[in-house]
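Letters A, B, ... mirror the listed sequences (proteins, then strands); counts begin at 1. FYI, side chains are in, hydrogens and waters are out, and symmetry mates aren't considered; it's all heavy atoms of this structure.
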Amino acid sequence: MKPTDIKNPEYFHKVVDCQYACPAHTPVPEYIRLIAAERYSDAYMVNWQSNVFPGILGRTCDRPCEPACRRVRVEEEPVAICRLKRVAADNKEDIRDRLPTIPKKKNGKRIALIGAGPASLTVARDLAPLGYIIDVYDNQFAGGGMMRSQIPSFRLPLEVLDEEVNYILDMGINTTFDIQVESLKEVLDQEYDAVFVGTGAPRGKGLNLPGLEDASANVYLGIDWLSSVAFEHTESIGKRVLVLGGGNTAMDCCRTSMRLGGEDVRVVVRSPFEDMKASPWEKEDAMHEGIPIYNNHVPKEFVVEDGQLKGMTFEKVEAQYDEDGKRSLVPTGEDLVFMEADDVLMAIGQENAFPWIERDLGIEFDKWDMPVVDETTFQSTNEKVFFGGDAAFGPENVITAVAHGHQAAISIDLFCRGESVDQRPPPQVTLASQKMGVHEWSYDNDVANDERYIVPLAPLEKTLKDRKIEVELGFDVATAFREAERCLNCDVQTVFEEARCIECDACVDICPTDCISFTGNAEEEELRQRLTAPAGNLAQDLYVSKDLPTTRVMVKDENVCLHCGLCAERCPTSAWDMQKFLYEVTKAGA
Amino acid sequence: MSYQIPKFRHPDLPVNDLGYTKADYEGSISSLCAGCGHDSISGAIVMACHELSIEPHKIAKLSGIGCSSKSPTYFLGNSHGFNSVHGRMPSVVTGAAMANRDLMYLGVSGDGDTASIGMGQFAHVARRNLNMVYIVMNNGCYGLTKGQDSATADEGSASKKGDANVYSAIDLCGTALQMGATFVARSFSGDKGQLVPLIKAAITHRGFALIDVISPCVTFNNNPGSTKSYEFVREHAEATGTVDFVPMRREITTDYKPGFSHEVTMHDGSSIHLYKVDEELDPFNRRSAMMTLEDHRETGSILTGLIYMDRDSRDLHDVLETSQRPLNELREGDLCPGNKMLENINASLR
Ligand SMILES: Cc1cc2nc3c(=O)[nH]c(=O)nc-3n(C[C@H](O)[C@H](O)[C@H](O)COP(=O)(O)OP(=O)(O)OC[C@H]3O[C@@H](n4cnc5c(N)ncnc54)[C@H](O)[C@@H]3O)c2cc1C
Ligand SMILES: Cc1ncc(C[n+]2csc(CCOP(=O)(O)OP(=O)(O)O)c2C)c(N)n1
Ligand code: SF4
Ligand code: SF4
Ligand code: SF4
Ligand SMILES: [Mg+2]
């Protein structure tokens, strides 16, 4: 193998598993250390720079970082990254004076943002400090998009939402709420310099089954029902509720039903339990509230008697997998199952809808009637119009919307300055030794053995009575410290300098997880076989040195390195050093 | 500064026949200087014992005094240990081995501990062919007491202090041969590929097995001018050949060039495969071994690998015809022949 080019920022970035997996590349270990040091405001700001909504995301993020966390590979449970973020938000001081100042004198460029969800708000957050004049249009009465209309208050209290949405709207953003944008042409006609479409994926999918027409008074689309609860148009539901679907929307629907009068609330899903789309913790939360999940039940019919919904019938199936692992749901042949219901919530998916975008504006639509959007620049085929969030490529989550927003803001800024949107700014990186003394490091290199701490919950008797009472209580600061200590500091990199190495093997001998080998060079496939411990995880890179005096090379398998610094402590010549790698995604205007 | 090795290990560590991973043979975190050759030898001992699937409680590790003699704390944490007095490890092992022949005895010593204060004990334990592995972590100096030249320092070699040594060096392999050792090898801490199979062969050998391992002292004797530095040893080492240890019931998979290759079956049924590079040396012939050592000394190269092995070795237990059962297992009934027998004996003397 060729020697690893550690100057390429993506090499060490990939070693920081959580940050790499985060769509916005939040410097996770950096803020976790700040939490351990009780510097909550600093931890909050590290987050705010990257993901804009630390308090919201610390409660609701889909947390792609956690399954990626190194701790999963060396132990079992990831660091509770998401809930630590909440600790920073809960314990910070007033941070308003740390927010960017907004220039009084504007730069003369006007930008329209359609939709006020996290994607648009991120664009506003990045462009307002640069002097752009920003007009936001949204059909809801306040900003936040689905974070307001869909995510229930028992998961995300309104105060937290309002606080973080307002940090942005207070940047002198012109808002027009309660307005449905009916024509993109009309917006473009107002001679904006650029338009950002952040309207999400607002249309719920339904199931057209026999009996639907007669039952329609008691059958709702999940996302429409959730928003009508959030906006207090709906205050109750029947005692027996069937929720169809296995995603996170279904989980929010069933849990909300329990709080609005539902007594026998059931989730019924076609697929096996393991294949459900909902995150494991969302399923756990629903089951913790006493909601049963019926899997392998395919809905067949709405049963209506005397014009009144009585329930639904389901066909029982089992999952069978063919050679390619493709799943088919095969009926078991058992009798249809009947379940009683007063109300049915259909939570089987959402989709995009752009009836308000005229098709003659130069915006190309593909065969699925989705706009053609560049995955890097978020520009559409009309150079003035950008898309981001769920509107760009279909429903995702808040953190993805934020990541899109940052990139779209970069493009809009470049575009408005007459530069090419393809000139993406490189990330900002620093790599600094953490050595403080012979065996002293400026980070806590001890590896904590603690198992993941559980976030305490408010008692069910209390939370099930009021949909606005937050279920999770968050870590107290003492538990947060212990959880933070579980982080392995994957951003503190093992940096190897071959010219200093005397090949004494000290690092090989001490490394607790057998990461390091000295061996003859070979092609990657062969090299992976001949290391001290097998390097079978192909998703993790090998760090290969230049040739050493004995003609061997140093090969380090990054897979289960604990970043404990022992290799560097045991190295007599400091050929190994522990260096903190800070990787920041460059934002617009920087 | 770390005081503990983290508990997490590589999830795919190989397990041996006993179901143990290498981690089960490790000790506590080393407090030797970073880069000390002794730590690598500790690592090699861990690998050898793990690969041989020796039950850790069937091993006794004993040592004298010195950095080298401290190292047993840093390997085989689940085995018996005895850190004895300076130069006196051999007599403690002798006592222990006589009392309980069922343990594997691993003596760890330094060049000071062996070739200075312990020279007498070393000579006699070799001569008695005690069934033990005797590893000398040889750095040519007294590391623990700040690097004074030891008796194995080569004439003319200079340690960090800079003065060239004026005395001639004791060659421990030569001495051991002279004294009647039945297994003599030399190796280098920086060459686990050679050292691990040698340790395995030494453990399997029945009788006194010396491995003189050159082990640089990074703090006091790893400077230019020293003949025990990493760089000098790498440049001047010449291997007698390669040794492959083939455990019992495992197939031999390596192809050996005929003529140069020897297969030796050990008393437990395992075998070692010796692939010779040095045409002069016959490792089963003491005279040849001594001559080859001398030849290399004259040319200034360091002969490593298996130097001598007596395939018909009879250890001290064999010679003394001791009880097959360890003494600590003999009960009153075994040891006291009873009144009747006493009367018979008395009667025969009347
Ligand atoms: C029930 C449910 C629960 C969810 N829970 C989570 C969660 O816990 N964590 C998570 O990360 N994600 C969650 N999501 C997904 C997340 O809410 C979205 O991915 C995210 O909000 C998308 O952001 P966005 O900015 O692209 O659009 P949105 O948040 O959808 O915002 C778009 C805004 O534009 C408005 N709008 C649309 N069309 C027009 C128009 N023509 N004129 C004016 N205004 C318009 C919409 O009303 C809305 O206010 C959930 C989704 C649902 C449905
Ligand atoms: C009876 C006695 N005499 C002297 C000493 C001082 N002393 C301690 S270690 C040592 C030499 C150790 O050298 P070596 O065996 O080569 O070990 P190294 O530290 O080099 O590994 C000496 C002389 C002692 N501890 N006890
Ligand atoms: S251990 Fe810490 S730095 Fe490493 S992946 Fe997990 S949270 Fe990120
Ligand atoms: S930091 Fe060094 S010693 Fe620690 S696990 Fe990683 S490679 Fe091994
Ligand atoms: S003084 Fe020398 S022998 Fe002793 S621990 Fe340090 S390097 Fe090793
Ligand atoms: Mg010594």
Side-chain angles (χ1 to χ4, degrees), chain A residues 70-76 436-441 444-449 488 501-515 517-520 531-537 548-552 557 559-576, chain B residues 1-15 21-23 26-47 50 71 74-75 139 188-193 195-196 214-220 222-223 229-235 237:
Chain A
R70 182 169 299 258
R71 202 88 196 179
V72 175
R73 302 197 297 275
V74 295
E75 184 212 332
E76 216 177 321
M436 305 264 286
V438 185
H439 290 151
E440 299 300 327
W441 306 107
D444 187 353
N445 63 322
D446 264 2
V447 174
N449 293 331
L488 297 169
C501 176
I502 58 168
E503 298 180 63
C504 69
D505 266 8
C507 53
V508 179
D509 292 325
I510 194 68
C511 178
T513 42
D514 291 291
C515 306
S517 308
F518 287 84
T519 176
L531 303 184
T532 318
N537 184 351
L548 295 163
T550 57
T551 72
R552 300 180 299 175
D557 179 8
N559 185 21
V560 288
C561 169
L562 304 172
H563 297 260
C564 65
L566 280 175
C567 49
E569 282 189 21
R570 300 303 300 167
C571 178
T573 60
S574 298
W576 286 107
Chain B
M1 172 97 184
S2 303
Y3 301 99
Q4 267 178 329
I5 305 174
K7 100 173 181 193
F8 300 119
R9 292 291 180 274
H10 196 288
D12 306 325
L13 276 191
V15 292
T21 67
K22 194 168 62 95
E26 288 168 359
S28 25
I29 195 167
S30 170
S31 64
L32 301 182
C33 303
C36 176
H38 301 354
D39 280 333
S40 290
I41 304 174
S42 299
I45 293 171
V46 167
M47 287 168 76
H50 171 247
S71 66
Y74 316 132
F75 57 81
N139 53 16
F188 172 42
S189 65
D191 186 0
K192 285 207 187 69
L195 181 54
V196 174
I214 300 175
S215 173
C217 169
V218 282
T219 303
F220 298 112
N222 190 39
N223 44 285
S229 68
Y230 281 105
E231 213 178 318
F232 186 91
V233 179
R234 280 214 174 90
E235 271 170 18

Would you sort out whether B/S30 and A/I510 count as a side-chain contact (heavy atoms from CB on, under 4.5 Å), showing the intermediate values? CA-CA 8 Å; B/S30 170; A/I510 194 68; 5.6 Å; no
Does B/S2 form a side chain to side chain donor-acceptor pair (under 3.5 Å) with A/N445? I'd like the steps, not just the answer. CA-CA 8 Å; B/S2 303; A/N445 63 322; 3.2 Å; yes
Does the pair B/F8 and A/R71 meet the rule for a side-chain contact (heavy atoms from CB on, under 4.5 Å), with working shown? CA-CA 10 Å; B/F8 300 119; A/R71 202 88 196 179; 3.5 Å; yes
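Across every non-hydrogen atom of A/R570 and B/A34, the tightest pair is O-CB, 3.0 Å. Shown here for A/P512 and B/I5, the closest heavy-atom pair between the two residues is CB-CG2, 3.8 Å. Minimum interatomic distance between B/R234 and A/E503 (heavy atoms only, all atoms of both residues): NH2-O, 2.5 Å.
Of the listed residues (B/L32, B/I29, B/V218, B/V46), the greatest number of heavy-atom pairs within a distance under 4.5 Å of chain A belongs to B/L32. The choice from A/N449, A/T532, A/T550, A/V508 that makes the most heavy-atom pairs within less than 4.5 Å of chain B is A/N449. In terms of heavy-atom pairs under 4.5 angstrom with chain A, the leader among B/P14, B/G193, B/P11 is B/P11. Per-residue heavy-atom pair counts under 4.5 Å with chain B were compared for A/V438, A/D446, A/D557, A/V447, and the maximum is reached by A/V447. Among the candidates A/C515, A/A533, A/A448, A/C511, the residue making the largest number of heavy-atom pairs closer than 4.5 Å to chain B is A/A533.
The contact between A/I502 and chain B is made by backbone and side chain atoms together, counting heavy-atom distances below 4.5 Å. Contact annotation for B/Y230: only side-chain heavy atoms (C-beta onward) come within less than 4.5 Å of a heavy atom of chain A. For B/C36, no part lies near chain A; criterion is any non-hydrogen pair under 4.5 Å.
Taking CG from A/D509 and CD from B/E26, the interatomic distance works out to 10.0 Å, rounded to the nearest 0.5 Å. The structure places OG1 of B/T21 at 9.0 Å from CG of A/D514, a figure rounded to the nearest 0.5 Å. To the nearest 0.5 Å, atom CG of residue B/D12 and atom OG1 of residue A/T513 are 11.5 Å apart.
Residues forming a side-chain contact (heavy atoms from CB on, under 4.5 Å) with B/H50 (at least two apart in sequence, or on another chain): B/N16, B/K22, B/Y25.
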